[in-house]
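Order of the sequence lines fixes the chain letters, A, B, ..., with proteins taken first and strands second; residue numbering starts at 1 for each chain.
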Amino acid sequence: MKVLCVAEKPSIAKEVTNILSGGKSVRRNSPSKYNSNFDFKFDFPGHGVCDVTMTSVTGHINRTDFPAQYGWGKVPPGRLFELPIEVKIDKDKAAIHRNISTEARNSTYLMIWTDCDREGEAIGYEIFEAAQKGNRSISFNHVWRSHFSHLERNHILNAARNPTGLDMKVVDAVNCRQELDLRVGASFTRLLTDALRGQKNIPSPVSYGTCQFPALGFVVDRYKRVKSFKEEKFWYLQADVEKDGQTAHFNWTRGRFFDRLYVITLYQECMKNPHGKIDSVTKKPTSNYKPYPLTTVQLQKDCSTFYKMSAKATLDAAEKLYTGGWISYPRTETDKFPRAMNLKSIVETQTQDSRWGQFARELLDGGFSQPREGKNDDKSHPPIHPVKFQKLEAIKDDNQRKVYEYVVRRFLACCSTDAKGFQTVATLVWGNEIFKATGLEVSELNYLKVYTYRKWSSSETLPPFQQGESIPIKFSEVKEGKTGPPNHMTETELIALMDANGIGTDATIADHIDRIGARSYIQKVKKGGSEIIVPTELGIGLIEGFSSINFENNISLSKPSLRKRLEVLLKEVETGRRTKDQALKENVDLYRKAFVTTAENQAILINEYKKYQT
DNA sequence: GCAAGGTC
């Protein structure tokens, strides 16, 4: 009996083959260059020793699109909410598809080894359909779905022995998302492109996407807040005292007031007393926590902050490092390592490095501490970590070198201990007012020795104050300050906002940012050594246009709420609380109404765009 | 020529 196994990507096929075959497998070429077939034997409980072929796809192999007769210009865009949609084999994936059909011919069972997430389940179903094309006798009941979250040996063996069936509710949820994204994206894109055609400086196409627009909305919103900012003056008190020849600056605990006369009145009350009193002095241990294990989104944010790399460039570099075998799979939401994972052996591989080798050695000599555990687990991949050692000098590509160094330092930091120190807080009572001064003394750097991106150093320490002592006020004043504008949007913040609002996934956030750039909705601008993101005239015009139109039920096409609502709905489809058809109808109706309203108000869109044109 | 989601 033969079992055909199919993984979501070649690397998983290879790893799982190694584990299940005990290293004894034979590789065969397939019609698709990157997706080899591996033959071996494995003992499936209840089926005995079976012939196994393990192969792979590269993500989805089908494409959802409108049939050619409903192409651009051939049908009014509004009809795209009801016209039939076609699921075809992606023509770039024809060879992969053919390989599965061929390999299924002499197979009795099909075993799905795609990632255990929503999209993975749907890809599993696409694989099943491809297998059925080659072999009608593989029915849905002949599909085994393995469940694994990482590539540790026993975990994979266990997954091979305890499969379930494909969960069609999860597949339905994905189909629902695909259909909605396509109908909304295609209809609005054609509408916007047609509406704005002929205006000045309009690129083509003017696209709309359920992720593109909320992302653009964040950028425009921030830009407007910066532009409309008006500074305000405020006043506050400050007092310095001196002891043993050392000056300590005390800050007012009441913060600041926008009323100058009020602050002056308070100040005059204080000035009646030449002395203040040290009300309390506390010295307590404090920690600077080591970072959580690394997720994709965090990697992108950090490389943007520390290296000024774009999210896309970071992901591209990480991808190369992954296919080269240097780091683990770079698309993960998981921020806790599986308990069974042997982290020390990974630390061991880094001991030979000239920069952090010594640090890694110290971890193995007793400094190791189990990494912190975050709350996220995508049940597919562990946090990003180094796999093999590589000398930095040997990595030719700048971005890859930076990402590798970051991944290693972050990993070693996770396996180290928190930095330790002491914080001293002194409270000064002067007249009716209370002031505070703090001092920090760092005693152990620990993880900060390797995680050089973060600074935590001793500040000025406080003189040896005694509780209750009376002390002369050496200097004091009413200080004036002014509020500053919010900062312009950075890529780091945009990634964080999208992530927090469920706009896109770890694997696609970078693409969306890239795309709204390619569509000329946003641009990156150098500003004082860093890079900010600002909207273009078209970007502002589109967002302002949409917010000037009154939509039924007050929905917004440029805010994250609709996409968030879709996510909630998809969860309900996954758990069976709602059917795919219900969820789809509800959302399609919602967007269809918004489409009609938009079409009726095209003039508003055009006017808003003109308003922001220079 | 359109989307978002996989991945190379």
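Heavy atoms of A/Phe66 sit nowhere under 4.0 angstrom from any nucleic acid atom. At the heavy-atom level, A/Thr505 lies under 4.0 Å from the strands shown only through sugar-phosphate atoms. At a threshold of 4.0 angstrom between heavy atoms, the contacts of A/Arg183 with the nucleic acid are absent. A/Asp65 comes within contact range of at least one nucleobase, with a heavy-atom separation under 4.0 Å. Residue contacts for A/Gly504: at a heavy-atom cut-off of 4.0 Å it reaches the sugar-phosphate backbone alone, with no base atom in range. Across all strands, A/Gln178 comes closer than 4.0 Å to base atoms (heavy-atom distances). Note on A/Pro77: nothing from the nucleic acid sits closer than 4.0 angstrom, heavy atoms only. The residue A/Thr193 sits close to a base: some heavy atom pair falls under 4.0 Å.
Between A/Ser207 and B/dA3 there is a side-chain polar atom (N or O) within less than 4.0 angstrom of OP1 or OP2. A close approach under 4.0 Å does not occur between any side-chain nitrogen or oxygen of A/Arg177 and OP1 or OP2 of B/dG5. Considering only side-chain N and O atoms, A/His512 lies under 4.0 angstrom from the phosphate OP1 or OP2 of B/dG5. OP1 or OP2 of B/dA4 sits under 4.0 Å from a side-chain N or O of A/Arg515. OP1 or OP2 of B/dG5 has at least one side-chain nitrogen or oxygen of A/Thr508 nearer than 4.0 Å.
In this entry the distance linking CG of A/Asp181 with P of B/dA3 reads 10 Å, nearest Å. Straight-line distance from the OH atom of A/Tyr208 to the P atom of B/dG1: 23 Å, rounded to whole Å. At whole-Å resolution of the value, CZ in A/Arg118 and P in B/dG5 are 8 Å apart. Rounded to whole angstrom, the span from the CD1 atom of A/Ile61 across to the P atom of B/dA4 amounts to 22 Å. When rounded to the nearest whole Å, the span between CG of A/Leu566 and P of B/dG5 equals 10 Å. For A/Arg563 and B/dA3, the CZ to C1' distance is 9 Å, given to the nearest whole Å. The interatomic distance linking A/Lys91 (NZ) with B/dT7 (P) rounds to 20 Å, in whole Å. Put simply, OH on A/Tyr125 is 19 Å from C1' on B/dG5, counting in whole angstrom units.
If you look at A/Phe213 and A/Phe546, their ring centroids are closer than 6.0 Å. Taking the six-membered ring where the residue is Trp, the centroids of A/Phe188 and A/Phe595 are separated by under 6.0 Å.
Checking A/Asp302 against A/Gln298 by side-chain atom types alone, a donor-acceptor pair falls below 3.5 Å. For the residue pair A/Glu103 / A/Asn37, a side-chain donor-acceptor distance below 3.5 Å is found, with atom types taken as modelled.
Checking B/dA4, B/dC2, B/dT7 against the side-chain heavy atoms of A/Ala186 singles out B/dC2 as nearest. In the set B/dC2, B/dT7, B/dA4, the nucleotide with an atom closest to the side chain of A/Glu8 is B/dT7. The side chain of A/Tyr329 approaches B/dT7 more closely than any other nucleotide in the set B/dC2, B/dA4, B/dT7. Nearest nucleotide to the A/Arg197 side chain, out of B/dT7, B/dG1, B/dA3: B/dG1.
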* To do: Given ring-ring contact (aromatic ring centres under 6.0 Å, His included), test A/Phe148 with A/Trp113 step by step and report yes or no.
  => CA-CA 8 Å; A/Phe148 63 107; A/Trp113 285 88; 5.4 Å; yes

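Both A/Asp511 and A/Pro205 lie near DNA chain B, and the one whose nearest nucleotide falls closer to the 5' end is A/Pro205. Of the two residues near DNA chain B, A/Glu567 and A/Trp72, the one whose nearest nucleotide lies more 5' is A/Trp72.
Ion pairing of A/Arg197 with A/Asp194 is present here, as a side-chain N (NZ or NE/NH1/NH2) and a carboxylate O approach within less than 4.0 Å.
A donor-acceptor pair under 3.5 Å links the side-chain atoms of A/Gln300 to the main chain of A/Ala311, judged by distance alone.
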